[in-house]
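Order of appearance sets the numbers: ligands from 1, and atoms from 1 within every ligand. The basis for the numbers below is simple: all heavy atoms, side chains too, and nothing from hydrogens, waters or symmetry mates. Sequential numbering from 1 along the given sequence is applied to the chain's residues.
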Amino acid sequence: MRRPILAGNWKMNTSLKEAVELVTGLKRELAGVTDADIVVCPPFTHLTTIRDVVAGSNIALGAQNMYIAEEGAFTGEISPKMLKDSGCTYVILGHSERRQYFNESDEFINTKAKKALEHGLTPIICVGETLDQREQGITGKIVTTQIKGCLAGLSESDMLKCVIAYEPVWAIGTGKTASNAQAQEVHALIRSLLTELFSETVAQKIRIQYGGSVKPDNIAGLMQEKDIDGALVGGASLKVSSFAGIVLFNK
Ligand code: 13P
């Protein structure tokens with residue numbers, strides 16, 4: 001049985017005050033949760049403040065991105081070492097918005113994953129097809145290429161420390177969730193790729209989150225699918241009631 005993992009990707013949202021209010025409310029509402037991992041991923045500028053609010057709670061801290069070098073002349077970038085220092089234990093890598101607006105390639109995401117692991121951060125590695133690709137019937141091909149590229153050269157023990165997020169681009173922020181069956185089909189494909197690339201043991205242990213318009217009223221159905229182990233939530237993670245409703249899907 002894989003332990004569910006529910007993560008909130010706040011993207012470029014919240015003032016510092018709003019962020020503190022949000023996480024304070026989540027701490028209160030979710031204090032009793034012991035059977036799932038809960039992660040919040042605020043913007044960089046809020047990380048250390050939020051670290052102090054969640055200290056000692058069951059909420060872990062994640063970042064939304066990271067650069068590959070430890071330090072140096074990379075104006076505007078944030079290193080894995082800095083994320084560790086700011087209290088992060090997770091980092092989202094290769095989100096479709098990073099791929100789309102900042103031209104991140106599978107190869108670059110792969111390097112980021114290796115660097116994150118070197119620094120003891122758990123990468124949440126994102127994959128997913130666009131609407132155009134789904135309509136062309138090449139979802140499987142696209143996700144296979146992304147998985148193979150992003151996970152290239154990882155050892156089994158490294159892989160066991162990763163989380164994968166399947167986020168169909170057409171379902172992100174659109175209110176159009178993939179159906180349970182559509183999501184399950186791709187999750188099953190990813191798990192079979194993990195068997196092929198690593199081992200059956202790895203494939204059975206890795207948690208694969210679904211992301212794309214997850215809400216309190218669709219999470220339970222998604223979580224009933226065999227290969228869906230959690231959610232990476234955007235819009236609905238910005239409100240205490242909706243993110244708490246998602247985390248408490250089985251209560
Ligand atoms: P929405 O939940 O807003 O569709 O965003 C999903 C997402 O991109 C999470 O990383």
Side-chain angles (χ1 to χ4, degrees), residues 4-14 18-19 22-23 26 36-44 46-47 50 59-66 83 88-102 104 109 112-113 116 121-131 133-134 139 142-143 146-147 150 162-180 182-183 186-187 190 207-223 225 228-249:
I5 175 165
L6 292 312
N9 173 10
W10 296 3
K11 307 193 180 182
M12 201 173 69
N13 293 298
T14 69
E18 287 163 349
L22 174 55
V23 82
L26 291 174
D37 290 333
I38 309 166
V39 187
V40 292
C41 303
F44 289 133
H46 305 349
L47 287 174
I50 301 299
I59 301 178
L61 190 63
Q64 299 173 19
N65 181 32
M66 175 200 98
L83 294 185
C88 292
T89 48
Y90 291 85
V91 60
I92 299 172
L93 298 178
H95 191 278
S96 63
E97 288 147 18
R98 303 281 333 157
R99 292 174 183 265
Q100 188 181 346
Y101 304 129
F102 304 97
E104 291 197 7
I109 297 158
K112 288 187 179 199
L121 292 159
T122 298
I124 298 178
I125 300 168
C126 304
V127 297
E129 80 288 3
T130 62
L131 181 59
Q133 291 163 340
R134 176 158 284 264
T139 297
I142 295 295
V143 171
Q146 291 173 331
I147 287 285
C150 292
C162 296
V163 173
I164 293 175
Y166 167 58
E167 299 204 306
V169 179
W170 49 272
I172 295 179
T174 56
K176 253 200 224 171
T177 329
S179 68
N180 300 340
Q182 279 174 323
V186 181
H187 281 237
I190 294 171
R207 293 177 297 177
I208 309 173
Q209 299 175 300
Y210 168 78
S213 298
V214 174
K215 304 274 182 301
D217 62 4
N218 59 26
I219 181 72
L222 288 160
M223 292 300 287
E225 296 293 338
I228 301 182
D229 307 312
L232 183 56
V233 186
S237 72
L238 294 170
K239 272 203 179 134
V240 174
S241 58
S242 49
F243 192 59
I246 289 168
V247 175
L248 299 169
F249 71 93

- [ ] Starting at OH of Y101, measure out to NE2 of H95 and round the result to the nearest 0.5 Å.
- [x] 10.0 Å
Open item on the list: Would V233 count as a polar contact of ligand 1, with the cut-off being nitrogen or oxygen pairs under 3.5 Å?
Closed with: no
Open item on the list: Heavy-atom distances under 4.0 Å decide this one: backbone, side chain, both or neither, for C126 against ligand 1?
Closed with: neither
- [ ] Using a strict cut-off of 4.0 Å, indicate which atoms of ligand 1 neighbour a heavy atom of G212.
- [x] 4 (O), 6 (C)
- [ ] Measure the acute angle between the ring planes of Y210 and H187, then classify it against the limits of 30° and 60° as parallel, tilted or perpendicular.
- [x] tilted
Open item on the list: Has K176 got a side-chain atom pairing as donor or acceptor with W170's backbone, closer than 3.5 angstrom?
Closed with: no
Open item on the list: Looking at ligand 1, would K11 count as a contact under a 4.0 Å heavy-atom criterion?
Closed with: yes
Open item on the list: A quick test of your reading: do over 12 heavy atoms of other residues, nucleotides or ligands sit less than 6.0 Å from NZ of K239?
Closed with: no
TODO: Return yes when S96 approaches ligand 1 closer than 4.0 angstrom through a heavy atom, no otherwise.
DONE: no
- [ ] With rounding to the nearest 0.5 Å, note down the distance linking SG in C88 to CE in M66.
- [x] 11.0 Å
TODO: Look up atom OG1 in T177 and atom CG in N218, then write down how far apart they are to the nearest 0.5 Å.
DONE: 4.0 Å
Open item on the list: So, taking the atom named CD in E167 and the one named CD1 in I92, what distance separates them when rounded to the nearest 0.5 Å?
Closed with: 7.5 Å
TODO: Determine, using heavy atoms of G211 and all atoms of ligand 1, whether some pair is separated by less than 4.0 Å.
DONE: no
Task: Min heavy-atom dist G173 to ligand 1 below 4.0 Å - done: yes
Task: Value rounded to 0.5 Å, distance of CD in Q209 from CD1 in I5 - done: 5.0 Å
Open item on the list: Can a donor-acceptor pair be found, under 3.5 Å and without considering hydrogens, that links the side chain of S213 to the backbone of G175?
Closed with: yes
Task: Interfacing atoms of ligand 1 (cut-off 4.0 Å, heavy-atom, A171) - done: 4 (O)
Task: Ligand-side contact atoms (ligand 1) for residue partner G235, heavy atom cut-off under 4.0 Å - done: 1 (P), 2 (O), 3 (O)
Task: Atoms in ligand 1 flagged as close to E167, the criterion being non-hydrogen separation under 4.0 Å - done: 6 (C), 7 (C), 8 (O), 9 (C), 10 (O)
Task: Nitrogen or oxygen of S213 less than 3.5 angstrom from that of ligand 1 - done: yes
Task: ligand 1 atoms in contact with N9 (distance to a heavy atom under 4.0 Å) - done: 9 (C), 10 (O)
TODO: State whether the shortest distance between N or O atoms of E97 and N or O atoms of ligand 1 falls below 3.5 angstrom.
DONE: no
Task: Top protein contact for atom 2 (O) of ligand 1, by heavy-atom distance - done: G234 N, 2.9 Å
Task: Gap separating the CG atom of L232 from the CG atom of N9, nearest 0.5 angstrom - done: 5.5 Å
Task: Proximity of I172 to ligand 1 by residue part, where a heavy atom lies under 4.0 Å - done: both
